[in-house]
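A note on names: the letters A, B, ... follow the listed sequences, proteins ahead of strands, and every chain is numbered from 1.
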2 protein chains.
Amino acid sequence: MTNIKDLAKLAGVSVTTVSRVLNDHPYVSKEKRDAVLKAIEATNYYKNINAVHLSKGKTNMMGVVVPFIDHTYFAFLIKGIAKQALKNNYKLVLFQTEYQKERELEALEMLKLKQIDSLIFCSRACDFAIIEEHMSFGPIVLCEHIEGKRISSSYVNQYNVFFEALEYLFEKGHHRIGYSIGRRTGTNSYEREMAYRDFLTKYQLPLHQEYIIDGCLYFEDSEKVMKRIKQMAKPPTALLITSDQVAAGIVTYCQANGIAIPEELSIIGFDNQPIAKMMNITTIDIPLFEMGENLFLQAVAEEISNKEMSVKLIERGTA
Amino acid sequence: MTNIKDLAKLAGVSVTTVSRVLNDHPYVSKEKRDAVLKAIEATNYYKNINAVHLSKGKTNMMGVVVPFIDHTYFAFLIKGIAKQALKNNYKLVLFQTEYQKERELEALEMLKLKQIDSLIFCSRACDFAIIEEHMSFGPIVLCEHIEGKRISSSYVNQYNVFFEALEYLFEKGHHRIGYSIGRRTGTNSYEREMAYRDFLTKYQLPLHQEYIIDGCLYFEDSEKVMKRIKQMAKPPTALLITSDQVAAGIVTYCQANGIAIPEELSIIGFDNQPIAKMMNITTIDIPLFEMGENLFLQAVAEEISNKEMSVKLIERGTA
DNA sequence: TTGTACGCGTTATCAG
DNA sequence: CTGATAACGCGTACAA
């Protein structure tokens, strides 16, 4: 494998000069440049990027942590990140954690070892303290808002969104409202639960733990939701479904089983994914793609910033 | 940042010795090892992995090329790859190409520059010749079968699968059969089209170009399919849908629009995704996860191998 | 069992 | 404008 030294010898110049033409640096005469270029041609030389990485202490690689690669929510996020990565000449290293802390740690470790320059956590299971410990090794960006901590993030104000959606349903006459969610833990889920509790308190509604349905991520999880509801003596009349995928599944289920939407059951989805539009599902528009772009930009930025994404309710036919 | 040299000085040993304990190599006395370990503790030293990469000429990173990250088919594949990557201590670098050749080239370039050790193409737009040119830089694995070429691959015999599915529909009395597909180009699509043509020829059926519906990847693309069909004077009575996502969309559409399945329209999906099971869709089971695992293993293997995945028709309610 | 010395390939500094 | 030369940090023959 020919290297920069060989080129230098071949072109009759120094390695410095070779490096200069390789990186389009100024201060090199046309003759020498051509000589180097010729040598490059002749040897079909190519850089060893690892040497560059070592020398620069930088890899132009960014880590992206997601629990599930096949979940639409994260896929959209990644799409946004990938767009900016392409634009800024970064490569993406993907970590699928399934919410296992060791895997999240692996990503952090790579940041520490300088294999990646920065790291985006689209979601996490580990303690914030662990994240904090690694912040000195490179930029880390989160998808949640952590009060009083100096760390970049792009996030949705889950509390407000949830509260508003609940009020919307309440105004439509619903007093028994439930919700489905991916997991109960995590900042975002916590915010939602707070909103839910505060909403119930505000309107003096009772809290039914069974109205909160956990582990709902995919289209097919809708079956679980519906079966759960069927067994209830007093089932909710409206549901906040924190993924349009699941919402679509529920709508499908109801169509197949003769349950009228929104008359018998109202549904509000989340994300405003294409499937929600196609199926005319009322949903909360969350600009995931844009959020992904933000995340990337924040991960390469010098300063810390926090960006709250603007969301809005899209009124359609299911609520 | 403390390095191996500092450690050596601190522990009063040579860098070699440090390197030995760092990498669990034999031939180092307990005292020296402890001394080194102590130095490591004291300095909270950690490796610069890029130096390792340079020195070893290897990164333990694997590239994965997919056109669309948010497509379930590829997500499943990646899941399988990710599982083995984790097991074998490899990291994944993701390339979302949207079938743009330059982006595929970027991935190949990274292989050339040794930033990744090997490369998996889950799908591609570029010429095979380009791939071939890069095979000397590291293992490349494909998801298609290319006759007479020495390159590893895990693939489905698209021709046979398609032909059998078509015959299944024919036996059910269908003479007007169409199909939807992600794109018309590519080895796999070509094989399917060949099967389709041969099937028509075998039963002396006419070829309607309009029965082949292109650009169908996502759930919501089903709308396009159905609208297209509606406009036909003689619409197909059965459809092979090369993604369960799209098939699910079609079933949903039909339910909402009072089209009886399978009486008025028969549907066979592809992949046997969870959504197909939930919606009782007849489909072709393709072990994507396992295929992903294979791809990884082939990408780290010394020898070239070709693995045809076994598939089977899952009879359910839509055909 | 231990250490010296060099290689890995590139970039950056600094003197000319 | 050009070129020595010193990093960058680690692995590893080879010698001892």
Quick note, V52(B) side chain, CB onward, closest among dG9(C), dT2(C), dC10(D) is dC10(D)
Atom CG of N60(A) and atom P of dT11(C) are separated, to the nearest Å, by 13 Å
Check your understanding: Does N3(A) have a side-chain nitrogen or oxygen under 4.0 Å from the phosphate oxygens OP1 or OP2 of dC8(C)?
Key -> no
From the list K307(A), K87(A), K83(A), salt bridge (charged side-chain N to carboxylate O under 4.0 Å, His left out) with E293(A) holds only for K83(A)
Exercise. Would you indicate what T16(A) reaches in the nucleic acid, counting non-hydrogen atoms under 4.0 angstrom: base, sugar-phosphate, or nothing?
Key: base
Rounded to whole Å, CD of E31(B) lies from P of dT2(C) at a distance of 8 Å
Problem set entry | Ring centers of Y90(B), F296(B) separated by less than 6.0 Å | yes
Taken to the nearest whole Å, NE2/H53(A) to C1'/dT10(C) is 12 Å
Across the strands shown, which category fits N50(A) at heavy-atom distances under 4.0 angstrom: base, sugar-phosphate, nothing? nothing
When A51(B) and R20(B) are each assigned the nearest nucleotide of DNA chain C, the 5'-most assignment goes to R20(B)
Y46(B) atom OH is separated from dC8(D) atom P, nearest whole Å, by 14 Å
The residue among S153(B), S154(B), S152(B) that forms side-chain hydrogen bond (donor to acceptor under 3.5 Å, both in side chains) with N306(B) is S153(B)
Comparing nearest nucleotides in DNA chain C, the 5'-proximal residue of the pair V13(B), S55(B) is V13(B)
Separation of dG9(C) atom C1' from K56(B) atom NZ, nearest Å, is 18 Å
Which of dC8(C), dT1(C), dT5(D) is nearest the side chain of Y27(B)? It is dT1(C)
Quiz item: With side chains defined as the heavy atoms from C-beta onward, is the minimum distance between L297(A) and Q84(A) less than 4.5 Å?
Solution: yes
Take N3(B) and Y45(B) through the side-chain hydrogen bond (donor to acceptor under 3.5 Å, both in side chains) test and state the conclusion after the steps. CA-CA 7 Å; N3(B) 62 21; Y45(B) 157 90; over 6 Å; no
* Is the phosphate of dT10(C), meaning OP1 or OP2, less than 4.0 Å from a side-chain N or O of Y45(A)? -> yes
To the nearest angstrom, the CG-C1' distance between L54(B) and dA7(D) comes to 13 Å
In whole angstroms, the gap separating P of dG9(C) from CG of D6(A) amounts to 9 Å
Below 4.0 Å: OP1/OP2 of dG9(D) and any side-chain N or O of K114(A): no
Using a heavy-atom cut-off of under 4.0 Å over every strand shown, decide if K47(B) touches base, sugar-phosphate, or nothing.
sugar-phosphate
* To do: May I ask you to say what S29(B) touches in the nucleic acid, namely base, sugar-phosphate or nothing, with a heavy-atom cut-off under 4.0 Å?
  => sugar-phosphate
Here the distance between atom C1' of dA5(C) and atom NZ of K5(B), to the nearest Å, is 11 Å
Winner on side-chain proximity to S14(A), out of dC10(D), dG3(D), dT11(C), is dG3(D)
Q: Could you tell me whether K32(A) contacts a base, only the sugar-phosphate backbone, or nothing, with contacts defined as non-hydrogen atoms closer than 4.0 Å?
A: sugar-phosphate
Distance test, side-chain N/O of T17(A) to OP1/OP2 of dT2(D), below 4.0 Å:
no
| message | Assess the residue pair S14(B) and T17(B) against the criterion (side-chain hydrogen bond (donor to acceptor under 3.5 Å, both in side chains)); give the C-alpha distance rounded to whole Å, side-chain angles, the decisive distance to 0.1 Å, and a yes or no. | response | CA-CA 5 Å; S14(B) 70; T17(B) 303; 3.2 Å; yes
